[in-house]
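This chain uses plain numbering: 1 for the first residue, then up along the sequence. Source: prediction; values computed, not measured.
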Amino acid sequence: GIGSGEGQLCYPSGVAVTSDSSFVIVADFMNHRVQVLRLVVGADNISTHLEFVCSLGSGQGSAEGNLKYSFGVALLQSNGGQQETVLVTEQGNHRVSQFALDTFIGIFAGTGETGSGNSGFKDPRGITVLGSSGEVAVADCNNHRVQIVDSEGNYKQQFGTEGKEADGQFYRPTGLASDAHGNLLVVDWTNRLQVFSPEGK
């Protein structure tokens, strides 16, 4: 149910599952944290429930390790695929933070201040890892664009302009997903779904 206790959520906004299906990662928006939950299958091999493991984020704030309105989560392969780290967009801190499944690693992208230049974000929301390259796409919501960074968080490119009708225009892009070929699916507040190649076409 709604709340701030272990395993409780308040306006959850993003979810991801580790590649081995062991853990469910949830962006707990109004609690300014990310929760790691374990998927437990019952003895009948049908019934399941989620069991609290830990919370990521050391409270609401702007210091490194704090989270502020955690919106989207994605899992990034690192160390040659031996480890998965959690990327979380912070709508209130205009950045992407990176965590191991049990500890803060660092700021992955963004400065913590709102910005519209390369690497700047304004209320980032959805995030996904492109299946073909390992690059990361971020829905830069109130800049009305998508930004692409590499697996280290370095700026690569951006696409999209503000608008509601033409192909390639966005109005508050919010949700992202990627297929195995790196094609990027984007939903925004124009009530439509657009699909882009890895190059943003």
Side-chain angles (χ1 to χ4, degrees), residues 11-19 23-29 34-35 56 67-78 84-99 107-111 114-201:
Y11 295 99
S13 53
V15 63
V17 179
T18 57
S19 58
F23 299 103
V24 177
I25 315 298
V26 181
D28 194 2
F29 182 77
V34 171
Q35 291 200 60
L56 304 177
L67 294 173
K68 190 172 182 182
Y69 300 113
S70 44
F71 192 95
V73 289
L75 291 159
L76 179 67
Q77 298 285 337
S78 58
E84 282 181 304
T85 60
V86 178
L87 301 178
V88 52
T89 56
E90 298 181 63
Q91 188 174 321
N93 281 329
H94 314 289
R95 67 189 183 192
V96 180
S97 285
Q98 185 175 26
F99 293 83
I107 304 302
F108 182 77
T111 64
T114 182
S116 58
N118 295 351
S119 300
F121 295 104
K122 188 174 182 183
D123 306 313
R125 293 192 176 180
I127 186 168
T128 192
V129 178
L130 302 181
S132 57
S133 65
E135 293 176 341
V136 178
V138 180
D140 192 4
C141 179
N142 283 320
N143 280 324
H144 311 287
R145 65 186 180 185
V146 171
Q147 286 202 63
I148 309 292
V149 299
D150 67 17
S151 60
E152 302 295 322
N154 302 305
Y155 174 84
K156 296 284 289 187
Q157 65 168 323
Q158 59 180 279
F159 58 89
T161 57
E162 183 176 358
K164 297 183 178 181
E165 296 180 2
D167 291 346
Q169 289 185 332
F170 300 120
Y171 183 67
R172 294 186 172 179
T174 299
L176 301 179
S178 173
D179 67 14
H181 306 289
N183 296 311
L184 184 64
L185 292 76
V186 184
V187 292
D188 66 358
W189 287 20
T190 63
N191 302 312
R192 62 184 180 172
L193 167 68
Q194 295 185 72
V195 183
F196 296 86
S197 70
E199 297 74 37
K201 304 299 182 187

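Qualifying side chain to side chain donor-acceptor pair (under 3.5 Å) partners for S13, counting only residues two or more places apart in sequence or in other chains: none. In terms of the side chain to side chain donor-acceptor pair (under 3.5 Å) criterion, T114 has no residue partners (sequence neighbours excluded). Residues satisfying the salt bridge (Lys or Arg N to Asp or Glu O under 4.0 Å) test with K164, not counting sequence neighbours, are none. Residues passing the side chain to side chain donor-acceptor pair (under 3.5 Å) test with D179 are N183, sequence neighbours excluded. In this structure, the side-chain contact (heavy atoms from CB on, under 4.5 Å) partners of Q91, at least two apart in sequence or on a different chain, are F29, Y69, F71, D123, R125. Considering only residues two or more places apart in sequence or on other chains, F170 meets the ring-ring contact (aromatic ring centres under 6.0 Å, His included) condition with F196. Partners of A137 according to the side-chain contact (heavy atoms from CB on, under 4.5 Å) rule, which considers only residues two or more places apart in sequence or in another chain, are T128, L130, V146, I148, L176, L184. Partners of Q147 according to the side chain to side chain donor-acceptor pair (under 3.5 Å) rule, which considers only residues two or more places apart in sequence or in another chain, are D140. Residues satisfying the side-chain contact (heavy atoms from CB on, under 4.5 Å) test with V26, not counting sequence neighbours, are L9, P12, V15, V24, L37. Among residues two or more places apart in sequence or in another chain, the salt bridge (Lys or Arg N to Asp or Glu O under 4.0 Å) test is passed with D28 by R33. Under the side-chain contact (heavy atoms from CB on, under 4.5 Å) criterion, S19 pairs with Q77, E84, sequence neighbours left out.
Between the CD atom of Q169 and the CG atom of D167 there is a distance of 9.0 Å, given to the nearest 0.5 Å. To the nearest 0.5 angstrom, L87 atom CG is 5.0 Å from F108 atom CZ. Interatomic distance, OG1 of T89 versus CG of L67, reported as 10.0 Å (0.5 Å rounding).
Across A27 and V73, no two heavy atoms sit closer than the pair CB-CG1, 3.9 Å. Residues R145 and P173 approach most closely at O-CG, 3.6 Å, considering heavy atoms. The heavy-atom pair separating G115 from N143 by the smallest distance is O-ND2, 2.8 Å. Contact record, G182 with P198: O-CG, 3.5 Å, taken as the closest heavy-atom pair.
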**Asked** Q158 and N118: side-chain hydrogen bond (donor to acceptor under 3.5 Å, both in side chains), yes or no, with the steps?
**Response** CA-CA 8 Å; Q158 59 180 279; N118 295 351; 2.9 Å; yes
**K68/E90 under salt bridge (charged side-chain N to carboxylate O under 4.0 Å, His left out): CA gap, chis, key distance, verdict** = CA-CA 6 Å; K68 190 172 182 182; E90 298 181 63; over 6 Å; no
**Item:** Trace of the side chain to side chain contact (heavy atoms under 4.5 Å, CB included) decision for F121 with R95
**Value:** CA-CA 7 Å; F121 295 104; R95 67 189 183 192; 5.5 Å; no
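Put simply, the side chain of D188 gets close to the backbone of T190: a donor and an acceptor are under 3.5 Å apart. Without hydrogens or angle criteria, S178 side chain to G131 main chain gives a donor-acceptor distance under 3.5 Å. Judged by distance alone, the side chain of D150 and the main-chain N or O of E152 form a donor-acceptor pair under 3.5 Å. Judged purely by atom type and a 3.5 angstrom limit, S151 has no side-chain atom pairing as donor or acceptor with the backbone of G134.
When the shell of 6.0 Å around OH of Y11 is examined, it contains 12 or fewer heavy atoms from other residues, nucleotides or ligands.
The shortest side-chain heavy-atom distance between V149 and N154 does not fall under the 4.5 Å cut-off.
Contacts classified as salt bridge (charged side-chain N to carboxylate O under 4.0 Å, His left out) and involving residues 129-139 (residues at least two apart or in different chains) are given here: E135-K156.
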